[in-house]
Protein chains: 2
Amino acid sequence: MQESQASETTQKSIEVTIVSGILSAKIRPGTRLGENQLAALFGVSRTRVREAMMRLETRGIVHVSPRRGWFVVEPSAEDAIAVYEARRVVEAGLLRSMALLTEEGRKALDAHLNEERNAMAAGDRQRLTYLMGDFHIRIAELSGNTIIVDILRDLTARTILISMLYQSEFHAAQSHEGHCRIFEAMQTGDFVRAAELSVEHLDEVEMGLDLTARPDPLSDLRKSLSLPPRTASSTFQPSDPKIPTTKEQ
Amino acid sequence: MQESQASETTQKSIEVTIVSGILSAKIRPGTRLGENQLAALFGVSRTRVREAMMRLETRGIVHVSPRRGWFVVEPSAEDAIAVYEARRVVEAGLLRSMALLTEEGRKALDAHLNEERNAMAAGDRQRLTYLMGDFHIRIAELSGNTIIVDILRDLTARTILISMLYQSEFHAAQSHEGHCRIFEAMQTGDFVRAAELSVEHLDEVEMGLDLTARPDPLSDLRKSLSLPPRTASSTFQPSDPKIPTTKEQ
DNA sequence: CCTGGCTCTCTTGCATACAAGACAGGAAGC
DNA sequence: GCTTCCTGTCTTGTATGCAAGAGAGCCAGG
């Protein structure tokens, strides 16, 4: 999103920038988020960067390795399973609790599915990743319950990190079809069916993961040697290359 | 729970102390949480207190009024409705996703219900409040999914704050019966029924609230005059009176 | 060539200092 | 008496400084 100079509203912009970056698959799991780097990027002191990191940590988006740095989480296979389970629970519970789909909501979802189709046609993979996750958030928004929206946003962010680690190929068409089916069920007012389809859809995506493929083939070894998690900063390509070879200080 | 001197593990003890205090109804909504007070209590600097506050803010437990202080949230009527809806979604979704009740789990819930009975017999209202909320957290723990446990813990904390604001009388027996019914359904393996009962139970509790009774009859006026939210510190009675009239510095 | 240890640098952890806003209380003017 | 303004105090907001830990790299010894 916006860059530095975002002073004044920098309050939470660090947080949203990073989450947005993850939701659109621009930031990879394991990316190192140096306090000094971010402080320079946003033109603030480390204090505020740390605040943002703490918030993101409680949201399960980043974690800190003492005296070594902040890193975007690299969910383990167990984490991945837990995240998908949590999503099934929340999303199915949400759909079952719905009573009707307003015309407004119908339009919003319809427009979203069109966006998915456009992105597929254009082959815009990053945008596609974002849209595939966003669909579920949009459904939550229909409920008007910001608590659930926030929960699902964070879970979706983790889902995307998981897919970057364990998903070899991206079955966009399959996901899109799943979304369409859910939408159809919702349109007919059959929310129980929509919930079931949602669970199936999430199962499908989860099954498409190769959870045996460890994110880093050497992670076992690294851990036993207490070496740093793969920084992956070399593969971090922000759309706006604001992080040059900033040899900080 | 433990007090100052908790150095070393002070890492997150501020957070858990406050959340525990809320879960056991020892800290009222609107309680002012001064950075200096907490810093003195825990024997750390404001920095770490602020970190804890930020985390709690992310979790929806406290909020900050700029340059005026941190306060335990006072959920509005709308917030209350949203919290109960979120709980219904998550808890019903969770129960529906369960396949079996292990013997271990059965014992845990059974023991818990006994504790409820004991607290009712003893008339220990604080403990009862804690147990009534904890029952739902225990169910989440059965799933072994820490994500869901954390979500429900925070929602339960907010629920207790809501009950302190809007619940005139405490229908402990009614809640206990609701829990027993849910447990019975789970024992028979009928998790769909358990989910339905759970929704009914939450509806019952929600209906027992008087959401027309504003937490502070003058809150509208206060807001328009941008006066401080009611501190309620005068009604704050920690079981361990560690916060005397600490005229900080 | 390999191994062990040393140092040097870079990172976060934490405390502190100072800035700035929000009230409270009192004094001055009407 | 009432209102208005002003000043003092207390709060959080933010930056900065210093300490301590973790590695990376180098050098010596085998």
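Numbers restart at 1 for each chain; the letters A, B, ... are given by sequence-line order, proteins then strands.
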| Min side-chain heavy-atom separation B/E91-B/L152 under 4.5 Å | yes
So, using side chain to side chain donor-acceptor pair (under 3.5 Å) as the criterion, who are the partners of [X] when residues are at least two apart?
X	value
B/T159	B/R87
A/N145	none
B/E57	A/R55
A/R59	A/E15, A/D154

Once you round it to whole Å, what is the distance between [atom2] of [N] and [atom1] of [X]?
X	N	atom1	atom2	value
A/E51	C/dG13	CD	P	14 Å
B/I14	C/dC14	CD1	P	10 Å
B/E35	C/dT16	CD	C1'	14 Å
A/R32	D/dA22	CZ	P	15 Å
B/R48	C/dT16	CZ	P	12 Å
B/N36	C/dA17	CG	P	13 Å
B/F71	C/dA22	CZ	P	13 Å

Using atom names, set out every protein N or O paired with an N or O of nucleotides 17-21 of chain D below 3.5 Å, distance rounded to 0.1 Å.
from, atom 1, to, atom 2, distance (Å)
D/dA20, N3, A/R67, NH1, 3.3
D/dG21, O4', A/R67, NE, 3.4

Determine: side-chain N/O of [X] to OP1/OP2 of [N], distance under 4.0 Å, yes or no.
X	N	answer
A/S45	D/dA15	yes
B/R50	D/dG13	yes
B/R68	D/dT12	no

| field | Of A/W70 and A/T47, the one whose closest DNA chain C nucleotide lies more 5' | value |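 Nearer the 5' end of the strand: A/W70.
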| request: Could you tell me which residues satisfy salt bridge (Lys or Arg N to Asp or Glu O under 4.0 Å) with B/R88, sequence neighbours excluded, listed by chain and number? | output: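 Counting only residues at least two positions away or on another chain, B/R88 forms a salt bridge (Lys or Arg N to Asp or Glu O under 4.0 Å) with B/D203, B/E206.
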| query | Can you tell me if B/S143 uses its side chain to pair, donor with acceptor, with the backbone of B/A140 under 3.5 Å? | reply | yes
